[in-house]
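The next block holds one structure in the form of structure tokens; read it before the comments.
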Amino acid sequence: MGKEKLKKDMFWCLNCGWTGGSEGTEEPLEHCPNCLASVHDRDREGIECGGILEPVGVWVKSEKEWEIVQRCRFCGEMRTTPMTEQDNKIKVLSIASKPVSSPPFPIERAGELTRLMGGSTNV
Ligand SMILES: [Zn+2]
Ligand SMILES: [Zn+2]
């Protein structure tokens, strides 16, 4: 009972299947509190994307303001979403502590490029 009839502010995660609503706030959920992913509805140009925005890092704006950095698996666009009280803290910490595994540019090639350009510092 209950789950068949999704409320307007209900969130259904396409990534992990979590279903629920926001607790204590009127704000609709911007991302899944369980896996921190969301669906990329529209890109900067307003074109529908539909890809999964997966969490790639945590951006600490200030002591009280944490934002989750998400990257679209489909188009690669990055965006941030404010962290909420409901968010899975273990998941947040695992993202915050792990080295960024999918940066917006290939980090492993940065050194290579530097060498190619003669910018090596340890000569
Ligand atoms: Zn999820
Ligand atoms: Zn996208």
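Just so you know, ligand 1 is whichever comes first in the structure, and atom 1 is the first atom listed for that ligand.
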Are [X] and [Y] side-chain neighbours, meaning at least one heavy-atom pair lies under 4.5 Å?
| X | Y | result |
| --- | --- | --- |
| His31 | Gln70 | yes |
| Trp18 | Pro33 | yes |
| Leu14 | Ile52 | yes |
| Arg73 | Asn15 | yes |
| Leu29 | Gln86 | yes |
| Phe11 | Thr19 | no |
| Cys32 | Ser38 | no |
| Arg71 | Glu77 | no |

| request: Mark yes when over 12 heavy atoms from residues, nucleotides or ligands other than Ile90 sit less than 6.0 Å from its CD1; otherwise mark no. | output: no
| field | Protein N/O/S count near the Zn ion (ligand 2) (criterion: distance under 2.8 Å) | value | 4
| Protein N, O or S atoms lying under 2.8 Å from the Zn ion (ligand 1), listed by chain and number | Cys13 SG, Cys16 SG, Cys32 SG, Cys35 SG
